[in-house]
Participant: 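Sharing a structure below in structure tokens format, with a few things to ask.
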There are 2 protein chains.
Amino acid sequence: MHLMAEKRGTSGGLRERKKRATRAALAEAAVRLAAEHGTDNVTVEAISAAAGVSVRTFFNYFDSRDDSFIAIDAEAGERVRRAVLHAPAGLSPLEAVREGLATELREIERQHGLWSLYARVLRTSPHLLVRHLGAHMADETGLAEAIARRIASGPDGPDGPAPGDRATPSADGGGDVGENERRRALDLYPRLLAAVAGTAVRVSVDYWCCRQEERSFAEVFRQSFDLLADGLPAPRR
Amino acid sequence: MHLMAEKRGTSGGLRERKKRATRAALAEAAVRLAAEHGTDNVTVEAISAAAGVSVRTFFNYFDSRDDSFIAIDAEAGERVRRAVLHAPAGLSPLEAVREGLATELREIERQHGLWSLYARVLRTSPHLLVRHLGAHMADETGLAEAIARRIASGPDGPDGPAPGDRATPSADGGGDVGENERRRALDLYPRLLAAVAGTAVRVSVDYWCCRQEERSFAEVFRQSFDLLADGLPAPRR
DNA sequence: AATCATTTTTGCAGAGCGTGCACTTTTGCA
DNA sequence: TGCAAAAGTGCACGCTCTGCAAAAATGATT
């Protein structure tokens, strides 16, 4: 039974560890087989055999064959969420999310081997790409909550006023924006930011894949978030 | 055989029309049955029977059972794309997309009956929601292309400079921002805008569903795009 | 109206997916 | 060492989806 990198999760009893190992073995076998033979030509039987368990056991770990293909980065969302919560106090929400994502992406670039296989699998079968994105959409809720908590605890941290304190360009003459509207924004804003940030990552990866020769990923990623921070202004021709 | 609203697509021979009718009948039967009995309790056999065709014929129209559940709005993306292309010349790209989407959403609100069933189905089974969003992601490419063409033809209308007129990438000795960087932005920008706009719609719908009593959808939708246009600034507490 | 090429529909066989159930093996603990 | 709980396994069964070849429907032509 091949084992994935055991970096994380050496805690718990033998039972717990073996469960994690089996799950990881199944997930890695799935990706390796899919990268080699194509997703459609990999049966659950083959994956189970490669991981050294029975077919029935496979379905004890995954609800469907496709789930096993996209099980690699199951914990990435949680790490980003925590990074946003513990980001330096001076950062705006958008900046905090950007930093958290950048860290995670660097982490992924370190485990380049398995991830390039994974990327090939996703590229080959769009069907799985959609499931992959769907899995990350589930993380959005947690991220939005982290953003909301960050805002609630103060955009400036415990120490001092804000650098990014923008004068509100309210369209209503003289009068301020209603208190109600401000409260409502608090609810919509975190969700929107979480979702839009995830989208920006996706588009950046997509764009970068077509032009790896011209630009580094970090550069594309940075530009995407700059565009967001500027309000997606029409580019000058 | 029940027929869906025949609003669009009365053109073509009898063959063509009958094919469209069969496909529509299958799609509608799928949604109605799923809304009533739950997605998991609807077999292909039941859908086919409700539409008056054989099981084998079902698979001549859809690659999978799930595809039949999300086949209602197959043409929405194309309509938005066209709306963006033909939007008033004075609008910025972001504004043009917002208007195109708003029009489509009003159109949907008109066919309230089937769409509320559809919404229930998507709400009940997240699995299908992901497929639904994936289907719309495919539209992103077309929308991005429309945005790019709109930018190329001039943000001020057809009376502007030539469409294919791209300044030569000269060595960036003179200006502040390099000419190369500006050209690159043209490529990344449309994709980012298309994707982010779709995301904003999704978040708006999601948010609105939880608070229909407090705010109209148009209001939420408008606020989301205002936040985008402002660069997602940290809300004031 | 009768004929014919084309397109669509259909039944059938078969591989693979996924689940419920009962049974065996392994694990952690007393 | 023995025991209760958890994990793994084999089997039966229904559903999904595909390939193939035959049957039915369609639209144009004579």
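Residue numbers start from 1 in every chain, and the chains themselves are labelled A, B, ... in the order their sequence lines are given, proteins ahead of strands. Only this structure's heavy atoms are used, side chains among them; waters, hydrogens and symmetry mates stay out. These numbers come from a predicted model, not from an experiment.
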Participant: Nearest-Å distance, CG (N60(B)) to P (dT9(C))?
Facilitator: 7 Å
Participant: From C-beta outward on V53(B), which listed nucleotide comes closest to its side chain: dG28(C), dT10(C), dT9(C)?
Facilitator: dT10(C)
Participant: Without swapping roles, check the side chain of R32(B) against the backbone of L114(B) for a donor-acceptor pair under 3.5 Å.
Facilitator: no
Participant: Please list, chain by chain and in numerical order, all residues satisfying side chain to side chain contact (heavy atoms under 4.5 Å, CB included) with E145(B), sequence neighbours excluded.
Facilitator: R81(B), R149(B)
Participant: Going by ring-ring contact (aromatic ring centres under 6.0 Å, His included), name the pairs with one or both residues in residues 130-151 of chain B, residues two or more places apart or in two chains.
Facilitator: Y118(B)-H132(B), H132(B)-H136(B)
Participant: Going by side chain to side chain contact (heavy atoms under 4.5 Å, CB included), name the residues that satisfy it together with L133(B), two or more places apart in sequence or in a different chain.
Facilitator: M137(A), L129(B), R202(B)
Participant: Would you mind building the protein contact string for nucleotides 12-25 of chain C? One character per nucleotide, 5' to 3', B for base within reach (heavy atoms under 4.0 Å), S for sugar-phosphate only, - for untouched.
Facilitator: B----SBBBB----
Participant: Residues two or more places apart in sequence or in another chain: which of them pass side chain to side chain contact (heavy atoms under 4.5 Å, CB included) with S116(A)?
Facilitator: H112(A)
Participant: Considering only residues two or more places apart or on different chains, which pairs with a residue in residues 31-59 of chain A satisfy ring-ring contact (aromatic ring centres under 6.0 Å, His included)?
Facilitator: F58(A)-F62(A)
Participant: Report yes if a side-chain nitrogen or oxygen of K19(B) is closer than 4.0 Å to either non-bridging phosphate oxygen (OP1 or OP2) of dT8(C); otherwise report no.
Facilitator: yes
Participant: What residues, two or more places apart in sequence or in another chain, satisfy side chain to side chain donor-acceptor pair (under 3.5 Å) together with R123(B)?
Facilitator: none
Participant: Do any side-chain nitrogens or oxygens of K18(A) fall under 4.0 Å of OP1 or OP2 in dT26(C)?
Facilitator: no
Participant: E95(A): what forms a side chain to side chain donor-acceptor pair (under 3.5 Å) with it, not counting sequence neighbours?
Facilitator: S92(A)
Participant: For a 4.0 angstrom threshold against heavy atoms of chain B, report the outermost contacting nucleotides of DNA chain D in 5' to 3' order.
Facilitator: dT16(D) to dG27(D)
